[in-house]
Chemist: 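Attaching a single structure in structure tokens format; questions to follow.
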Amino acid sequence: MTNSHPLRSETTSFAMLDPRIQHWIWRSGWTELRDAQDRAIPVILEGKSDLIIAASTASGKTEAAFFPILTRLGRCSDPPPLALYVSPLKALINDQWRRLEELAEALEIEVTPWHGDIPYSRKKRFLADPGGCLLITPESLEAMLCRHGHALSRVFQGLQYVVVDELHAFIGTERGMQLLSLLHRVESLIGRPVMRIGLSATLGDMTLAKKVLRQDGSRKVALIESKSANQELKVLVKGFVEPAKLTLDQSKTGSPARAAVAQDIFDVLRGTNNLVFPNSRDDVEYYSDRLRRMCEERGFPNEFWPHHGNLSKEIREEAEAALKQTERPATAICTSTLELGIDIGPVRSVVQVGPPPSVASLRQRLGRSGRRPGEPMILRADCIEKELGADSGLSIMLREGLSTTVAMIRLLARGWCEPVSKSQLHASTLVQQILSVLAQYGGAHAQQLWELLVTTGPFSAVSAPQFGALLQKLRQNEIIFQDPTGLILLAPKGEAMTQHYSFYAAFSTDDEYTIVSGHRTLGSVPLSRPLYPGGFLIFAGRRWQVISVSEEGRIVQVNPAGGGNLPGFEGALGAALHGRVREEMRAVLRSSEAVPFLDAVGQRLLAEARETYARYDLDKNWLLQLGSDVHILLWTGDRINDTLALALQTRGLKAASEGLSVAVKGISADEARGILLAIGREQIDPIRIAAGVQNKIREKWDGLLPNDLLDACYASANIDVPGVQKVLRAKLNCGPEHFWGENGKTHPIGLPK
DNA sequence: GACCTGCTGCGGGATG
């Protein structure tokens, strides 16, 4: 583009924008609108449908939404027009505020940030004189509805647009359900639907994704998916072998294989900017401490910075600043905190240590590298596998971690990722919404609650008897009561709940100790972690000695020291794996084709896994007798495996889902076959299976649910009886099995140097 | 089950 003709204004949507925005774009030196921006402008200006804009982080999605939104707001006057922008992160609101302010000012449109760190005076000003762009979190919107209910029909009167940023981060979660309910309640207040615009990372199946923006599907959803540039992908997977048995000291302070991974990271990444994703905060601490010491021992300035959710804002910002500055190379060792949209500047490569949690997450992580034109995306994956021994289990023999990693990379290269999961009851969040609506309106009839939240709202999976039982239970617990006219009101207990600030978040969090060194807050660790004066701790990538522990104030004072144990964040490894990934693992194992992106050790490990697969003839055998146990290999996802394990448990068997297989103790393969035949044929009630599960309380208000509803809720989220039966029937009745073919286009993968 | 995220309004004191 030349200066005399900076934009194809006659042929693009550019001409539809407010002249002041055109001027701003021109002054910013943009040579043309991006594809997604160009396509979004007419759809948003017309405003006839909802819209999802799917593209990778920082690809101009926000501008695609706000150029036309501000154009439209600039044209309206009475009532004062308003656009609502909802973000999952306060940090993103602050970013967007900075980016939007100058542009909005040119159009004399007010931009108001509203979250927990914004002073109340600013919020009061907005309530008195609403309009412009309101940037808010779901929690703050909840608080607004709860506390300013009487004023809100006036505040939202001029609402023209709702933008949901990072839509993918809300899907299938309590927060997502809460947000859908809040948006529905706002529309109900003003008595008309408002165009919703979702900004998202690319999602597996976009047709399913359309339902996540407005659950009842009452409006059309337009979809703008930015064409992924044919970018080169370079992949190298390395294998590392761990001795079969570790000494006590090694298992505490770091195994030889982990030390070798750290050495490899040091050798390969030093001198460039990168992101390293181990799968836990403990591993982040291990690697960042070790890598920083390696720098010190060699007399180099440190280039490795830890970043995870338990580190204080200050320490996280240090890591972000180190990545953004250009004087010195920096690598962050991080959890999914750096998967989100925080700006961290260009990154050369992404390192995955251990299998990724999902293909979707791997894609998000990888999208952080190769952002400069002409640069490839570079993925390195390090897999630690145990040396084979006489007592190695199936998972070790089939090299589960390595196979999962290879399978996920192959699916990623083919453009697949996990689809949106099926709808759940979300009864815990329904409790919150009932109480919040009562606070908002000062009371409501059961029928009104039912219509607002269930029949026209997002909780449509809840039945009338379930809803009635829930209201009864809340009444028994003296959270609500009914006056003689039938009006439901908040009882003092419910009043207190909704008045306290802790009510507004839909998700729950554990209590924690704050870790302080001098006057500096380093972060927090769970209360369950045993800490005592004199003990040692590795935290924020450094070593500390505990000076004092205040149980009451929940504060731990530490001083820098030489020793250190890992902080011990709780939790087992792994999220629910999708069935498609297991099918791909099987395809990798049954094939003899070389996997070009494996190093020599990785090749050897894969060869061992394939040898095991062939030796047990796993193409045909799916019931393996190993000692006195039977392993059931369905090559399905975790939901189906978990459901099968529970179904076996309800028959009094000792069964457990172990990832790859479902293990049943003290049984023969023939006996197992008979029982599985019965499970495949019989009528099985998922709620009865859920009733046998202990510790079902997971979400914030699960404790207030009637037992039946809690069971149904658990079943809706975790149990897939038809899935189990379909697989079992195929295994037991039919002949040859169906394997996934190598359909679809394979993205060519190169190797990094 | 990994990981992550969020939160009100008053009242007192200083300042213009």
Side-chain angles (χ1 to χ4, degrees), chain A residues 86-93 114-124 127 136-149 165-166 168-176 178-179 182 277-284 307-311 313 316 333-342 352-358 360-362 364-365 401 404 429 432 436 439 495-510 512 523-524 526 569-577 637-639 641-642 645 656-659 693-696 698-700 714 717-718:
Chain A
V86 186
S87 155
L89 298 177
K90 288 187 287 190
L92 279 182
I93 287 179
W114 183 314
H115 58 66
D117 301 342
I118 303 292
Y120 183 59
S121 52
R122 191 87 179 72
K123 299 175 181 172
K124 245 184 354 200
L127 290 175
I136 199 166
T137 60
E139 288 73 19
S140 281
L141 185 56
E142 185 77 69
M144 202 176 178
L145 287 169
C146 240
R147 292 182 168 264
H148 304 279
D165 204 354
E166 308 264 1
H168 57 276
F170 288 111
I171 295 171
T173 67
E174 292 111 298
R175 276 183 113 188
Q178 175 188 30
L179 179 57
L182 291 169
F277 290 94
N279 287 331
S280 70
R281 288 164 290 183
D282 273 357
D283 274 357
V284 167
H307 197 285
H308 63 71
N310 278 79
L311 296 175
K313 196 175 162 194
R316 284 198 248 179
I333 320 292
C334 56
T335 58
S336 52
T337 42
L338 287 186
E339 214 174 283
L340 306 168
I342 306 166
Q352 175 66 45
V353 183
S358 66
S361 156
L362 181 61
Q364 280 273 101
R365 292 172 180 189
T404 308
T429 308
Q432 179 198 36
S436 177
E495 196 81 52
M497 279 171 73
T498 54
Q499 288 295 308
H500 195 265
Y501 66 86
S502 60
F503 176 73
Y504 309 118
F507 56 92
S508 64
T509 40
D510 295 333
E512 293 173 324
S524 60
F569 295 107
E570 287 192 328
L573 191 86
L577 200 78
D638 284 350
R639 245 170 84 100
N641 286 359
D642 290 357
S657 171
E658 295 185 346
V693 178
Q694 303 291 309
N695 309 327
K696 278 181 294 247
R698 299 234 139 76
E699 299 189 353
K700 194 163 168 182
Y714 183 89
N718 301 295

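Per chain, numbering begins at 1; letters A, B, ... match sequence-line order. What you are looking at is a predicted structure, and each value in this text was computed from that prediction instead of being measured.
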Chemist: If a protein heavy atom is under 4.0 Å from the base, mark B; if only from the sugar-phosphate, S; if neither, -; do that for nucleotides 7-16 of chain B going 5' to 3'.
Modeler: BBSS------
Chemist: Which heavy-atom pair separates A:Ile333 from A:Pro278 by the least distance, and what is that distance?
Modeler: CG2-CG, 3.8 Å
Chemist: Restricting to salt bridge (Lys or Arg N to Asp or Glu O under 4.0 Å), what partner residues turn up for A:Lys123, sequence neighbours left out?
Modeler: none
Chemist: In whole angstroms, how far is the P atom of B:dC4 from the CZ atom of A:Arg698?
Modeler: 19 Å
Chemist: Given atom CD of A:Glu512 and atom C1' of B:dC3, what is their separation to the nearest angstrom?
Modeler: 13 Å
Chemist: How many Å lie between CD1 on A:Ile333 and C1' on B:dC3, as a whole number?
Modeler: 16 Å
Chemist: Checking A:Ser336 now: which residues fulfil side chain to side chain contact (heavy atoms under 4.5 Å, CB included) with it, not counting sequence neighbours?
Modeler: A:Glu339, A:Arg365
Chemist: Would you tell me whether A:Asp165 and A:Ser87 have side-chain atoms, one donor and one acceptor, within less than 3.5 Å of each other?
Modeler: no
Chemist: Just the rounded figure in Å: distance from C1' of B:dC3 to CG of A:Asp510.
Modeler: 14 Å
Chemist: Any base atoms under 4.0 Å from A:Arg316, or only sugar-phosphate, or nothing? Heavy atoms, all strands.
Modeler: sugar-phosphate
Chemist: Once hydrogens and angles are ignored, does a donor-acceptor distance under 3.5 Å link the base of B:dG1 to the side chain of A:Asp638?
Modeler: no
Chemist: Distance check needed: B:dC4 C1' versus A:Gln364 CD, whole Å only.
Modeler: 13 Å
Chemist: Applying ring-ring contact (aromatic ring centres under 6.0 Å, His included), can you list everything that pairs with A:His307, at least two apart in sequence or on another chain?
Modeler: none
Chemist: My understanding is that only residues two or more places apart in sequence, or in another chain, count here; which of them pass ring-ring contact (aromatic ring centres under 6.0 Å, His included) with A:Tyr714?
Modeler: none
Chemist: Look at the side-chain N and O atoms of A:Arg281 and state whether any lies under 4.0 Å from the OP1 or OP2 oxygen of B:dC3.
Modeler: yes
Chemist: Any side-chain N or O of A:Arg175 under 4.0 Å from OP1/OP2 of B:dC4?
Modeler: no
Chemist: Rounded to whole angstrom units, what separation is found between the NE2 atom of A:His307 and the C1' atom of B:dT5?
Modeler: 13 Å
Chemist: Tell me the interatomic distance from A:Arg365, atom CZ, to B:dC4, atom P, rounded to whole angstroms.
Modeler: 10 Å
Chemist: Under 4.0 Å: is that the gap between some side-chain N or O of A:Ser280 and OP1 or OP2 of B:dA2?
Modeler: no
Chemist: Rounded off to whole Å, could you give me the CD1-to-C1' distance for the A:Ile171 and B:dC4 pair?
Modeler: 15 Å
Chemist: Can you list everything that forms a side chain to side chain contact (heavy atoms under 4.5 Å, CB included) with A:Phe507? Sequence neighbours excluded, please.
Modeler: A:Glu139, A:Glu174, A:Arg175, A:Ala505, A:Thr509
